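One structure is given below, encoded as structure tokens.
Residue indices begin at 1 and follow the sequence shown. Values below: every heavy atom of this structure, side chains too, minus hydrogens, waters and symmetry copies. Here the structure is a predicted model, which means the values were calculated and not measured.
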Amino acid sequence: MIEAVGLTKRYGDKTAVYNLSFQVRPGAVTGFLGPNGSGKSTTMRMILGLDNPTAGHVTIGGYPYRKLPNAPRQVGALLDAKAVHGGRSARNHLLSLAQLSGIPARRVDEVLGVVGLHQVAGKRSKGFSLGMGQRLGIAAALLGDPQVLLFDEPVNGLDPEGILWVRNLMKSLAAEGRTVFVSSHLMSEMALTADHLIVIGRGQLLADMSVKDFIAANSAGFARVRTPDTEPQAREKLSAALTEAGGHVLPEQDGALRVTGLPLPRISDIAHDNGVRLWELSPHQASLEEAYMRMTQGAVDYRSTTDQKAGLQQPLPPGAQPPVPVPGQGQPGWYPPPPPQQGQPYAAPQAPAGAPEANPYAQPAGQPGQQAPQAPAAPAAAPANAPSAADLTKPEDAR
Ligand SMILES: Nc1ncnc2c1ncn2[C@@H]1O[C@H](COP(=O)(O)OP(=O)(O)OP(=O)(O)O)[C@@H](O)[C@H]1O
């Protein structure tokens with residue numbers, strides 16, 4: 001198991017990671033998600049003893065990496081696939097790593113086979129494509145047959161077949177009881193690969209939860225209802241009846257209705273009672289990528305001035321503070337859409353009293369004309385040697 005407690009890293013006056021606490025357990029793939037520059041690589045480097053934390057600590061199996069007995073046999077990592085002597089062949093590169101760590105040479109051919117590079121094992125790695133380089137980096141990580149594996153953006157540069165292969169490899173390593181920690185900035189990929197997610201933004205914890213819980217908490221369910229295109233009056237009639245029954249109805253671009261607040265069987269009954277034929281009645285979930293972007297939107301450092309998604313930025317109410325992330329529970333419901341309510345899988349979100357009716361699916365709740373969200377406030381209970389909350393008020397620190 002990997003355990004980080006109050007992990008903080010500053011580079012000069014820049015805080016790359018702040019007060020990060022989490023556990024990465026064996027037998028599961030844990031996805032480490034965050035926008036560019038959010039501190040994923042810095043955290044991985046600290047786990048591997050390549051960077052010293054400014055405060056806090058991180059251990060693997062109870063030891064700091066540098067104190068781990070026979071570390072290369074216990075921990076394997078892919079941090080930078082380009083960190084290879086380009087003049088060496090793939091086999092010689094792995095052989096030199098194996099010799100340094102006392103790993104038998106026969107293991108080199110085993111891992112070359114696992115990553116599918118056995119046919120180009122004698123070729124110099126400087127001629128390798130990005131994807132081949134990633135495979136070589138993964139081979140190096142597997143060399144010591146370690147119980148703990150860290151992969152920093154392992155699917156970078158891989159084609160769809162390669163991405164599928166990495167996904168299956170991660171899962172099979174976890175199924176063997178290993179601890180697998182994989183960073184990515186792609187929610188969609190992690191939703192398919194990981195069992196558990198740790199999400200950071202600007203070096204701080206935003207969420208620490210199972211993929212299942214993330215999906216339940218962040219994918220608002222809705223029903224799509226479609227009446228015959230030739231009967232617009234039936235659509236209006238159904239829309240009114242559904243609203244009267246407590247549903248929340250929004251038109252979709254293709255003429256269908258998007259309904260929350262009513263379970264599918266109830267929608268079907270209402271349509272039947274009103275004599276409205278249906279061409280479609282189907283359950284849907286909002287996209288996870290969208291939920292992830294909402295969660296991290298206040299923590300994105302680099303955004304194109306023409307990026308349409310900048311429109312997802314939601315303001316904070318005047319005087320309000322962003323919620324403090326709670327380890328083990330994740331970001332307490334600030335940006336994500338409301339989860340389906342118990343017994344009401346397609347429940348509409350509750351608008352605060354007096355608040356204007358808003359489209360709950362176009363954007364999460366927010367009031368126009370207010371400031372863009374800030375990074376979550378520093379948790380109140382920082383370790384004694386961690387930077388004070390006041391430090392984070394400096395723009396260069398809070399970033
Ligand atoms: N050696 C360093 N010196 C100064 N600043 C650094 C150093 N390493 C990282 N940083 C800064 O720390 C922040 C976190 O960087 P890091 O590489 O850990 O992010 P990341 O989440 O891995 O990003 P990406 O997804 O783009 O790889 C960035 O602002 C980066 O510029």
Yes or no on side-chain hydrogen bond (donor to acceptor under 3.5 Å, both in side chains) for Arg10 and Thr54, after CA distance, side-chain angles and deciding distance?
-> CA-CA 6 Å; Arg10 288 170 182 269; Thr54 311; 5.8 Å; no
Start with the C-alpha gap between Asp195 and Lys171, add the side-chain angles, then the distance that decides, and say whether salt bridge (charged side-chain N to carboxylate O under 4.0 Å, His left out) holds.
-> CA-CA 9 Å; Asp195 307 289; Lys171 288 179 181 201; over 6 Å; no
Could you check Val182 against Phe32 for side chain to side chain contact (heavy atoms under 4.5 Å, CB included), going step by step and ending with a plain yes or no?
-> CA-CA 6 Å; Val182 194; Phe32 191 31; over 6 Å; no
For Glu252 and Arg226, what are the C-alpha separation, side-chain angles and deciding distance, and is it a salt bridge (charged side-chain N to carboxylate O under 4.0 Å, His left out)?
-> CA-CA 10 Å; Glu252 297 259 84; Arg226 193 178 175 84; over 6 Å; no
Which is it for Phe214 and Met187 under the side chain to side chain contact (heavy atoms under 4.5 Å, CB included) test, yes or no, and what are the steps along the way?
-> CA-CA 11 Å; Phe214 186 89; Met187 180 70 216; 3.5 Å; yes
Working for side chain to side chain contact (heavy atoms under 4.5 Å, CB included), residues Glu110 and Val114 | CA-CA 6 Å; Glu110 273 172 34; Val114 170; 5.5 Å; no
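Between His284 and Phe222, the ring planes lie parallel to each other; the angle is under 30°, not in the 30° to 60° tilted range.
Using a 4.5 Å heavy-atom cutoff, the side chains of Pro283 and Leu264 are in contact. Between Phe22 and Val24, some side-chain heavy-atom pair lies under the 4.5 Å cut-off. Within the 4.5 Å cutoff, no side-chain heavy atoms of Arg106 are placed close to those of Val108. Counting heavy atoms from C-beta on, the side chains of Glu280 and Val225 never come closer than 4.5 Å. Between Val58 and Ile2 the shortest side-chain heavy-atom distance falls below 4.5 Å. In this structure, the side chains of Pro251 and Arg235 come closer than 4.5 Å at one or more pairs of heavy atoms. Contact annotation: the side chain of Leu257 never approaches that of Leu250 to less than 4.5 Å [non-hydrogen atoms, C-beta and beyond]. Annotation: side chain of Gln134 is in contact with side chain of Leu78 (closest heavy-atom distance under 4.5 Å).
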Side-chain donor-acceptor pairs under 3.5 Å in residues 135-155, sequence neighbours left out?
unit_1, atom_1, unit_2, atom_2, d
Arg135, NH1, Val115, O, 2.9
Arg135, NH2, Glu161, OE1, 3.4
Asp145, OD1, Arg178, NH1, 2.9
Asp145, OD1, Arg178, NH2, 3.1
Asp152, OD1, Ser183, OG, 2.4
Asp152, OD2, Ser41, OG, 2.7
Glu153, OE1, His185, ND1, 3.4
Glu153, OE2, His185, ND1, 2.9

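Ile200 and Pro35 make their closest contact through O-CD, 3.5 Å (heavy atoms, listed as atom of the first residue, atom of the second, distance). Contact detail for Ile270 and Ala245: the closest heavy-atom pair is CD1-CB, 3.5 Å. Residue Ser268 comes nearest to Leu281 through the heavy atom pair CB-CD2, 3.7 Å, listed as atom of the first residue, atom of the second, then distance. Listed here is the closest heavy atom pair of His196 and Asp208: NE2-OD1, 2.6 Å. In plain terms, the two heavy atoms of Pro26 and Gly177 that are nearest each other are CB-O, 3.5 Å.
Annotation: cation-pi pair Lys9/Tyr11 present, NZ/CZ under 6.0 Å from the ring centroid and within 45° of its normal.
When only modelled atom types and interatomic distance are considered, Ser282 and Arg224 share no side-chain donor-acceptor pair under 3.5 Å. Side-chain polar atoms of Arg25 and Gln23 form a donor-acceptor pair below 3.5 angstrom. In this model, a donor atom of one side chain and an acceptor atom of the other lie less than 3.5 Å apart for Thr193 and Glu189.
Summarising the geometry, atom CG belonging to Leu7 is positioned 7.5 Å from atom CD1 belonging to Ile47; distances are rounded to the nearest 0.5 Å. Put simply, CE on Met132 and CG on Leu117 are 6.0 Å apart, with the number rounded to the nearest 0.5 Å.
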